[in-house]
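Notes follow the structure.
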Amino acid sequence: MEDTMTMPSHAQLKAYFEEARDANEEYRKEAFIDRDYFDGRQWTEEELQKLEARKQPATYFNEVKLSIRGLVGVFEQGDSDPRAWPRNPQDENSADVATKALRYVKDYSEWSDERTRAALNYFVEGTCAAHIGVDENGRPNIEPIRFEEFFHDPRSRELDFSDARFMGIAKWRFADEIAAEYKIKGEIDGALDGDSEGLSIGGDTFGDRPDGKISSWIDSKLRRVFVVEMYCRYNGIWVRSLFWGRGVLEQGSSPYVDRNKKPICPIEARSCYIDRENRRYGEVRDLRSPQDAINKRESKLLHMLNNRQAVATNPEYAFQHDAELVRREMSKPDGVVPPGWTPASLADLASGQFNLLQTAREFIQRIGQNPSVLAAQSASASGRAQLARQQAGMTDSAMALNGLRRFELGVYRQAWLRCRQYWKAPDYIRVTDDEGAPQFIGINQPVMGPPQPMLNEVGQVVVQQPILGYENALAELDVDINIDAIPDTANLAQEQFLQLTELARLYGPQEVPFDDLLELSSMPEKAKLIAKRKERQEQMAAQQAQAQEMQQQIAMQGAVAEIENTQADTAYLAARAQNELMKPQLEAFKAGFGAA
């Protein structure tokens, strides 16, 4: 049990949150304005009233959204996969298992979709955050944190919040859920029914809608309470506290640990930029001024085209007509200019407004939506040319994109720590990235020994298989986590494939086999074709092996027959030679027999 003397008090926790709320309120409100610009709310109420009074159109061309969508698109083109690297040569198999486990967590958490929302918060509001914990099944889970629900130490100066003393999540929750979960129904009902002394401290930027109307820890109308989950460094360790305006609901050292088994904060966060006042912001902040210039100059040019002006050229006739009549006639497309008046030339003013408009557009396009970054000048250009143009266009955004990659790397490293700490039960994970790999791979699988007599729980002797160890135990794997960025550039892959086919035509199929070309191609249902070719090759290899075996048998039989013939000839020659040797003896025997 945790020693309550080492835990921060409820008053200290509220003081931390109030400090974060008050010190960061200014930049959070500016971040909400950045989000309005992205969403197309780019005219203030005062400006709209002035435009309506002079009947000038309130047009807007949302270049901000195009620029940010371009940056997010570039980030999405480089899809990332976590990869584990062995620390020792004998740990290569462990690194492969860890890689597959992390990619399963990525799919299980649907991080490929959530990373897009995190990137949008990063570029628009300026800060993205994610909580890496475990679900009810004990599996690691990555949950992005909404910008309006995330708070942090206002004295943190690092982009990755590595020097922050506390971070957390603050959100509104329904009172009946909190009362049932923590058995505090009477206390919550008392606060909701009017006994809310000491609860008049909240934050308008932490509301469900940042309208500035909610400034309390309770919402009596909807019967909700403001709940804060905070992770803070206290007495040298990370402490997790869950509290509301009147008391602490949960508290203890952080349940998540690092590589050295010490409590750790499970929140990963990253800011795009930070100024010397510790105010954090994104790419939209620099786009607001040129976006205003585009909107106002477009509106002014349209107003000038729709409303012509006249000057008096002959006072004798001009002042015989009412100026209001002249103004009405000049505003009509088919209006008639009264005598003594001449349409004023506004070419110089229109040209100046147009030039300033072009300058604003060129500036705003340098950050995001431009042909160089998107490599979209020519769809038929080679992949290498498009990649080179894209890299040149991304020079201005390299720092921001690298920060987003560092944030994702931190998320994967935290996910691996959760795998080692919580994923200990025998399980199977699906393998989908390798066509030739098995469909599933086992982790934390027990290695059973031969059956032997053992004592069970009640002291009886039974025959059981002892567990000798575990195969692919995640808690025992010690690897380094990195990111493999996979550029989604089809033209580049196609160009490389065409170069390989040219090499095959030049050097022949022996140097560049057809199977290699097939594996690198982008043909649909390529796996089925590879499987059929493999089956045919196995059948042909079996037939060739059978034919070779028959040829060997025939050759062996011929060799045996030849040996037998040779042996027969040898025996015949030996018998003949023996006969030749016996002839003198026979002749002598015949001569002696005749004389007798």
Side-chain angles (χ1 to χ4, degrees), residues 72 75-88 91-119 128-144 256 258-259 266-268 270 401-402 404-445 470-490 493 519-520 522 526-527 530:
V72 174
F75 175 68
E76 283 297 310
Q77 283 183 355
D79 191 15
S80 63
D81 274 333
R83 183 174 181 182
W85 294 90
R87 292 194 166 188
N88 300 297
D91 293 337
E92 292 185 2
N93 183 56
S94 300
D96 184 62
V97 173
T99 299
K100 289 178 171 57
L102 275 177
R103 291 180 181 178
Y104 176 82
V105 172
K106 174 187 174 183
D107 295 338
Y108 182 75
S109 304
E110 298 181 351
W111 178 246
S112 296
D113 297 330
E114 299 295 349
R115 70 195 290 264
T116 302
R117 190 171 72 175
C128 59
H131 181 276
I132 304 91
V134 293
D135 60 10
E136 61 276 6
N137 299 319
R139 293 188 177 182
N141 191 33
I142 305 172
E143 295 182 357
Y256 310 106
D258 59 11
R259 192 187 298 271
I267 296 177
E268 281 291 327
R270 184 87 186 189
L401 291 171
N402 182 66
L404 200 54
R405 188 189 69 84
R406 296 293 303 176
F407 162 73
E408 195 169 17
L409 177 60
V411 168
Y412 286 135
R413 287 176 175 172
Q414 287 259 19
W416 174 241
L417 293 176
R418 303 297 99 81
C419 288
R420 295 187 61 190
Q421 182 181 357
Y422 288 95
W423 206 349
K424 297 181 179 180
D427 206 343
Y428 288 90
I429 57 177
R430 186 176 62 253
V431 179
T432 59
D433 58 343
D434 190 355
E435 296 176 358
Q439 187 176 3
F440 294 92
I441 183 173
I443 60 173
N444 301 320
Q445 296 297 318
Y470 290 90
E471 182 181 6
N472 296 335
L474 298 185
E476 300 175 0
L477 304 183
D478 192 12
V479 295
D480 293 325
I481 308 301
N482 210 330
I483 288 180
D484 278 345
I486 309 171
D488 187 14
T489 51
E519 290 180 2
L520 294 176
S522 57
K526 177 178 63 176
I530 292 176

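The aromatic rings of Y256 and H131 lie perpendicular to each other, with more than 60° between the two planes, well past the 30° mark. Between W111 and Y412, the ring-plane angle classifies as perpendicular under the 30° and 60° cut-offs.
Rounded to the nearest 0.5 angstrom, D258 CG and R413 CZ are separated by 13.5 Å. Taking CD1 from I267 and CD from Q414, the interatomic distance works out to 9.5 Å, rounded to the nearest 0.5 Å. Here the CG-CZ distance, from L401 to F75, works out to 8.5 Å after rounding to the nearest 0.5 Å. Atom CD1 of residue I142 and atom OH of residue Y108 lie 12.0 Å apart, to the nearest 0.5 angstrom. The NZ atom of K106 lies 4.0 Å from the CG atom of D81; values are rounded to the nearest 0.5 Å.
The residues R115 and E76 are annotated as salt-bridged, a charged nitrogen and a carboxylate oxygen being separated by less than 4.0 angstrom. Salt bridge annotation for D107-R103: absent, with no cationic side-chain nitrogen under 4.0 angstrom from a carboxylate oxygen.
Among all heavy-atom pairs drawn from A101 and W423, the shortest one is O-CZ3, 4.3 Å. In terms of heavy atoms, P140 sits closest to S109 at O-OG, 3.9 Å. Of all heavy-atom pairs spanning Y422 and G138, the tightest one is CB-O, 3.7 Å. Annotation for P144 and E114: closest pair CG-OE1, 3.1 Å, computed over non-hydrogen atoms. Shortest non-hydrogen contact noted between P82 and T99 is O-CG2, 3.6 Å.
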> After noting the C-alpha distance and the side-chain angles of R259 and R420, does the key distance pass the side chain to side chain contact (heavy atoms under 4.5 Å, CB included) rule?
Replying inline: CA-CA 9 Å; R259 192 187 298 271; R420 295 187 61 190; 3.8 Å; yes
> So C128 and L404, side chain to side chain contact (heavy atoms under 4.5 Å, CB included) or not? Walk me through it.
Replying inline: CA-CA 9 Å; C128 59; L404 200 54; 4.1 Å; yes
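Looking at N137, its side chain never comes within 3.5 Å of a backbone N or O of R139 through a donor-acceptor pair.
Listed by chain and residue number, R405, R406 satisfy the side-chain contact (heavy atoms from CB on, under 4.5 Å) test with N402 (two or more places apart in sequence, or in another chain).
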